[in-house]
Amino acid sequence: MTFYAFYGAIEQGLVYGLMALGVYITFRVLDFPDLTVDGSLPLGAAVCSVCITSGWNPYLALLPAMLAGFLAGMVTGLLTTKLRILHLLASILTMTALYSINIRVMGGRPNIALIRQPTVFGPFEHLSLPPFVSSNLLFGLIVLMVILLLIWLMRTEFGQALLATGDNPKMISSLGVNTHFTIVVGVGISNALVALSGALVAQNQGAADVSMGVGTIVAGLASIVVGETIFNSRKLQLRIISVVLGSIIYRLAIALALGVHIGEFSFTPSDLNLITASLVVLALVMPRLKAALRSKKKVEHAEH
Amino acid sequence: MLSIDCLVKTFFKGTVNEILALNGLMLKIRPGEFVSIIGSNGSGKSSLMNCIAGAHLPDSGKIILDGENITLWPEYKRSQFIGRVFQDPLSGTCASMTIEENMALAHRRGKPRGLRSGMQKSERAFFREALARLDLGLESRLQDPAGLLSGGQRQSLTLLMATLVRPTLLLLDEHTAALDPKTERLIMNLTQELVEREHLTTLMITHNMQQALNYGHRLIMMHRGKVVLDLNKDEKSRLTVQHLLEKFSSITPDHMTDRMLLSL
């Protein structure tokens, strides 16, 4: 792997780590498989890009992007709680609707270029740092802030209610928590983070594209399971951190895989979704396979 | 205190499976009363609990608790008055959260939850003291996930959590049915102790007739969604399980289930 590929992978790991943190809130904390993210990532990118091209400060433009993501998540949450649509289906419906909305947001086009527009990296240009250092520095700072904010949030009364909603909704409603509210807000926060990730990716790549969200959920899940498998921590603070570390390791692994040549064969970027999906399947069945193998061994051992 | 007027609840209305779970049920409970409710499967005991707690909304009728008409209140709103313990010991606690986090959740029952800390340092001593009274050694395990506890320990914790903020009404829904006989005694002693110390108005569903006779100030038998027998403390103290069974079969000659016989 080249030096640039290495830094590039870390950069991707950090910026998509924000997305993975969002997925963590739905998938692990709320036990709510939310596919809205495939639509809210380009939504964040689109809203942010439109704001920047109409003259907004690129940092300020992150806020409407996050708000848009929050609203998208709320829609999924409301479809699930108030209209009682199965969570998975509700999120697919929102995701599908977002495709049209994203194109509307971008003024009827499927993409917006941000060439020669100010970006969040502007302030770093005066520091005469190499671009890969400044982007890593900025993304690292943002990720750190989000991690600290999430750890704080999870310790508040609302955060504890959110955790309990995912663990045991029957119990927490008997203790006076409106689980509809925690689910709607929780899915909203999750998608706000995903949209933030999308907004930063667009500024980094120099364009927002309606199809940039394809496979987001699977990449997010892969980051979570990689982090869980490697670090296996019990404490919530460490679990949150390991999501981002998982995201970085996942991007490094992809960069490695793309550099592999076996004779005539080599992977192309379009193979990534297949590789990632297989990785997630493997990680999801691994615990059961391990347990089955262990008990089989024990039985065989007992027979001898 | 609690007044239930003409409560009706139908499930699967308009289908062949239609079940009339509560059929104009009337019930008045005075403050501080500890009431045991018995009845065969499908007699409407659990539906009654669920309607009081707000898990189900009735078709018609009225539920007045402490002067408030709570009939149509959502579950989370009425939980400020109601403490609940479920039959399944796993239902009452969050397995992935620590014992103290579970208690902190219960300590905020019925209060708005904002961005203040989910657990104040000062609460910890209070939790430890409350746990010490259970005599299960849980006071030294505040940071353990509740999922590590045994069924009996979890049910004790749930009972403690349901009464941590004094409930206007305590609902016990066959809360010992899933436990072994020894643990059952432990939980019933704890129930008795908590109810007596705090003078809690309590409704306890049970399948165990001996339990219904041994505990509480009043015994109610339900059948087909109605109260068919209502005994006060004196009447109750003169009864044996045999009497109760005879009474039951005289009231409901067609409806003696195996479960009823087996859970003597």
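First the proteins, then the strands, lettered A, B, ... as listed; each starts at 1.
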J.: Please rank T182(A), N178(A), T179(A), L236(A) by heavy-atom pairs under 4.5 Å with chain B and give me the top one.
T.: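 The answer is N178(A).
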J.: Is T98(B) in contact with chain A via its backbone, its side chain, both, or neither, using a 4.5 Å heavy-atom distance?
T.: neither
J.: Look at G92(B), G110(B), G114(B), S96(B) and state which one has the largest set of heavy-atom pairs under 4.5 Å with chain A.
T.: G114(B)
J.: Among R78(B), R108(B), Q80(B), M119(B), who wins on heavy-atom pairs under 4.5 Å with chain A?
T.: R108(B)
J.: Need one label for E75(B): side chain, backbone, both or neither, based on atoms under 4.5 Å from any heavy atom in chain A.
T.: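 Answer is both: backbone and side chain atoms of E75(B) are under 4.5 Å from chain A.
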J.: When you measure from the side chain of T156(A) to the backbone of L115(B), do you find a donor-acceptor pair of N or O atoms at a distance under 3.5 Å?
T.: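 Flag not set: sc T156(A) to bb L115(B) has no pair under 3.5 Å.
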J.: Are there over 12 heavy-atom neighbours, none belonging to K111(B), within less than 6.0 Å of that residue's NZ?
T.: yes
J.: Is R133(B) atom CZ crowded by more than 12 heavy atoms from other residues, nucleotides or ligands, each under 6.0 Å away?
T.: yes
J.: Relative to chain B, which of N168(A), L163(A), D167(A) shows the most heavy atom pairs under 4.5 Å?
T.: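 Answer, by heavy-atom pair count under 4.5 Å with chain B: D167(A).
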J.: Starting from the C-alpha separation in whole Å, work towards a yes-or-no answer on side-chain contact (heavy atoms from CB on, under 4.5 Å) for R113(B) and L175(A).
T.: CA-CA 11 Å; R113(B) 293 168 206 243; L175(A) 293 179; 4.1 Å; yes
J.: If you look at every heavy atom in G176(A) and S79(B), which pair is closest and at what distance?
T.: CA-OG, 2.7 Å
J.: Go through the atoms of R84(B) and report whether side chain, backbone, both or neither lie under 4.5 Å from a heavy atom of chain A.
T.: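 Only the side chain of R84(B) comes within 4.5 Å of chain A.
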J.: Please state whether the side chain, the backbone, both or neither of A106(B) comes within less than 4.5 Å of a heavy atom of chain A.
T.: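 Its backbone and side chain both get close to chain A.
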J.: I need the residue from N102(B), T158(B), T93(B), V165(B) with the largest number of non-hydrogen atom pairs under 4.5 Å to chain A.
T.: T93(B)
J.: Quick one: what part of P112(B) sits under 4.5 Å from any heavy atom of chain A, side chain, backbone, both or neither?
T.: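 Only the backbone of P112(B) comes within 4.5 Å of chain A.
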J.: Do I172(A) and Y76(B) have side-chain heavy atoms sitting under 4.5 Å apart?
T.: no
J.: Chain A heavy atoms under 4.5 Å from L171(B): which part of the residue, side chain, backbone, both or neither?
T.: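 Contact with chain A: none, neither part.
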J.: Is the number of heavy atoms from other residues, nucleotides or ligands under 6.0 Å of F181(A) CZ greater than 12?
T.: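 Counting neighbours around CZ of F181(A), 12 or fewer heavy atoms of other residues, nucleotides or ligands fall under 6.0 Å, so no.
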J.: Under 4.5 Å from any heavy atom of chain B, what part of L153(A) do you find: side chain, backbone, both or neither?
T.: side chain
J.: Counting only heavy atoms from other residues, nucleotides and ligands, does the tally under 6.0 Å from CZ of R166(B) exceed 12?
T.: yes
J.: At what distance, to the nearest 0.5 angstrom, does CG of L105(B) lie from CD of E157(A)?
T.: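 That separation rounds to 9.5 Å.
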J.: Do the non-hydrogen side-chain atoms of R234(A) and P145(B) ever get within less than 4.5 Å of each other?
T.: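 R234(A) reaches P145(B) side chain to side chain.
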J.: To the closest 0.5 Å, what do you measure between SG (C94(B)) and NZ (K170(A))?
T.: 13.0 Å
J.: Taking the side chain as every heavy atom from C-beta outward, state whether M97(B) and Q160(A) have any atom pair closer than 4.5 Å.
T.: yes
J.: Non-hydrogen atoms of chain A under 4.5 Å away: do they reach the side chain of Q143(B), the backbone, both or neither?
T.: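 Just the backbone, heavy atoms under 4.5 Å.
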